[in-house]
Amino acid sequence: MYKIVKKEKLNDIIYSMWIEAPEVASSVQPGQFIILMISERGERVPLTVADFDRKKGLIRIVFQVVGKTSEELSTLKENDQLFSFIGPLGKKTEIENYGKVITIGGGTGIACIHPITRALKEAGNEVISIIGARNKDLIIMEEEIKKASTELIVTTDDGSYGRKGFVTQALKELLDEDPTIKKVWTIGPPIMMKVTCNTTKPYAVDTIVSLNSIMVDGTGMCGSCRVSIGGETKFVCSDGPEFDGQLVDWEEFSNRLTRYKGMENESWDKYKNHQHKCKCGRRKN
Amino acid sequence: MAEMISPKERMKREQVSMPEQNPKERACNFKEVPLGYTREQAIYEAQRCLQCKNAKCITGCPAEINIPQFIKKIVEEDFPAAYNEILKTDALPAITGRVCPQEEQCQVFCVLEKQGKPIAIGRLERFVADWARNNNIHGKISRIERKAKSIGIVGSGPAGLTCAADLAKLGYEVTIFEALHLLGGVLVYGIPEFRLPKAIVKYEVDEIKKLGVKIVTDYVVGATKSVDELAKEFDALFLANGAGAPRFMNIPGENLNDVYSANEFLTRSNLMKAYAFPEYDTPIKIGKRAATIGAGNVAMDSARTALRLGAEKSYIIYRRSRKEVPARSEEVHHAEEEGIIFNFLTLPIKVLGDDKGNVVGMECIKMELGEPDESGRRRPIPIKGSEFTIEVDLVIDAIGTSANPILARSATGVDTNKWGYFIAEDKTGATTKEGIFAGGDIVRGSATVISAVGDGKIAARAIDKFLSSGKSLKN
């Protein structure tokens, strides 16, 4: 069992938790992920590590409520225990001193980009971070990212905070201004990562994406997470999660993320109905 | 105590068949198919055993069970003694009694095999193990001298569990590392409930725990810690992490939404209990028309699982003919009884999808058999112009596995062959690094539960010899 040591609600839909998992914390590297289960009946959920504390043996996860499991996870309290927590899984980010680089995070991807940004800066890079969300309330971990990078740019779609517009607009400006930018990392919703890749393509700047496929074991055993990279089938869990974004078959990747949409909705509806315990009739079963 | 009957009478008797759930009924549930012998049936069958002085059946058993001896105890109606006799060498009797291909192992050597009615050794083994479990009879644990040497075992499948049990009985400190959240490896993620109930796996694993074996779940050796690091903490290691990675056919459309590896399909259903969705959270595709590619035991398990989940039609697509089918004949027979449709001499060439990535069909080509290939089986050759489309909405690739590289990457000096499997000596399981042993599917490729059990035993013996000679990985 793995204890939730600290829980924070970052906004209406995004939560942060520090989990006691000393073995994972001792060997985790930026870019890697974990898989957790809430209970024996739960599903196995992969989450990219948002932060870690080797000394205290803690791993930080950040998640958005998007379905039954994430909603159930959000109801857990400090000192509650998770049934299963494995990792670190996947390959680590290739951290070296590239010179000037950009890291981009959108939504919960902001959390995923955090340890990568920090490690890049520690390796001597000049790191410009761009984080974005629909509006001000959905911007998370601003202070941490600011600390981890050399320069921070915040964008919101509606202009309620930082610059108005998408992360890719800010990215384009940077690429136009500075031809010495060596590499870009982008983590967020598939569409954001795809558009980022389209933006960097004319500049021929290496662009690394981190994919969040549906997984079961997360150790290369089932192939649920497979994705076409440059026409070749790769497993996100054991070959990734980071890939050259220009080579990703985004349509196939996005399609495979919808594999269980119907059942996921059914499960969430059932959960919500079950949670609604008054007698007004909203609870169906 | 039942009477010993005369040899003449023994030869006259027919093999007692095993009662089974009716095919129509069982095709809609996940309950076990064979129901097991009753006490009377077991005794009647056991009485047929000729009690050969030089019993050849034992030579066919990788678990080294003294078969005539335990059968004799059944005739004597001393079931606890029968149970303890089996447990002496086989820590997983209810499991091996169910999933061993006895017809190719022990029963092949039975004198009565020549008359086509060998003793049903597996059924008797299963009876004894089930009887003990149901009557709360446990194996005798003899007092053993504790040895101050420790062994780390990677993987809790049949090889790892067997090796752990044998070493624990010798007094060693044994720790098993399991990557998943449950113990049993392929016994829990691979073999379906209707062939091997998970409660039985749990029971036999718990019995092994009682021997003092330490268990660490959620621990991915190769990720959480490397083999190199573990080698510093233990006196010897046994690597038995299984074959791992699924193979695909590499045909167009294979990454469409509803194409699964058998590993994924079965893991969702067996380990994660997706068949009980939404009571369990893991979803699985309920196909109306399911196509399973391949004809091994895993393919039978997949096709029969798809059927039980609700498929109206569940096909097996196999590029060779019925004669070459690698699955156990019992499994094929069960599948056919349940209504699985076999398409022999058929090769898929393309999976067809709609604009959302969902599978709508599969293009196949008919095959004919040519000259024998390197496997000795006649090579299937496509028949030009015989392409046709089959309407399916779920495709399961059950064409085998290859070595998962995660563990090997972290094991310096432990050599693998060109397919990525560990190189290990047949008679000891010794790898190219002294003190590190390996067995099961990560050495053999996709093999059987019983061969993994055998590897676990061989390695345990070799590890004992290694440690007894004063050697250790730590030196």
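Every value quoted in this text rests on a predicted model; they were computed, and no experiment measured them.
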Any chance CD of A/Glu96 has more than 12 other-residue heavy atoms, nucleotides or ligands included, within less than 6.0 Å?
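Atom CD in A/Glu96 is crowded, with more than 12 foreign heavy atoms closer than 6.0 Å.
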May I ask you to check whether over 12 heavy atoms, not counting those of A/Lys92, lie within 6.0 Å of atom NZ?
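Counting other residues, nucleotides and ligands, NZ of A/Lys92 stays at 12 neighbours or fewer.
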Is it the side chain or the backbone of [X] that comes within 4.5 Å of chain B heavy atoms, both, or neither?
X	answer
A/Phe235	side chain
A/Ser238	both
A/Glu23	both
A/Glu40	both
A/Val28	neither
A/Ile38	neither

Does this structure show an ion pair linking [X] with [Y], if we count only N-O contacts that are shorter than 4.0 Å?
X	Y	value
A/Asp51	A/Arg118	yes
B/Glu229	B/Lys232	no
B/Glu233	B/Lys225	yes
B/Lys202	B/Asp206	yes

Which portion of [X] sits near chain A, non-hydrogen atoms under 4.5 angstrom:
X	result
B/Leu256	backbone
B/Tyr189	side chain
B/Ser226	neither
B/Glu279	both
B/Arg247	neither
B/Asn255	both

Between A/Glu71 and A/Lys68, does a salt bridge (Lys or Arg N to Asp or Glu O under 4.0 Å) hold up when you go through it step by step?
CA-CA 5 Å; A/Glu71 180 162 346; A/Lys68 191 249 172 181; over 6 Å; no
The criterion is side-chain contact (heavy atoms from CB on, under 4.5 Å); which residues satisfy it with A/Lys194, sequence neighbours excluded?
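For A/Lys194 the side-chain contact (heavy atoms from CB on, under 4.5 Å) partners, ignoring immediate neighbours, are A/Asn198, A/Trp250.
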Among [options], which residue forms the greatest number of heavy-atom pairs with chain A at distances under 4.5 Å?
options	value
B/Ala245, B/Pro246, B/Pro278, B/Ala179	B/Pro246
B/Gly244, B/Gly242, B/Ser261	B/Gly244
B/Leu182, B/Asn263, B/Asp258, B/Thr217	B/Asn263

In terms of heavy-atom pairs under 4.5 Å with chain B, which of A/Gly90, A/Gly87, A/Ser254 leads?
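Most heavy-atom pairs within the cutoff with chain B belong to A/Gly87.
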As an exercise: rank A/Asn255, A/Asp217, A/Val216 by heavy-atom pairs under 4.5 Å with chain B and give me the winner.
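Ranked by heavy-atom pairs under 4.5 Å with chain B, first place is A/Asn255.
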Donor-acceptor pair, side chain of A/Ser228 and main chain of A/Thr233, under 3.5 angstrom
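Such a contact is absent between A/Ser228 side chain and A/Thr233 backbone.
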For B/Arg268, is there any backbone N or O sitting under 3.5 Å from a side-chain donor or acceptor partner on B/Tyr275?
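Absent.
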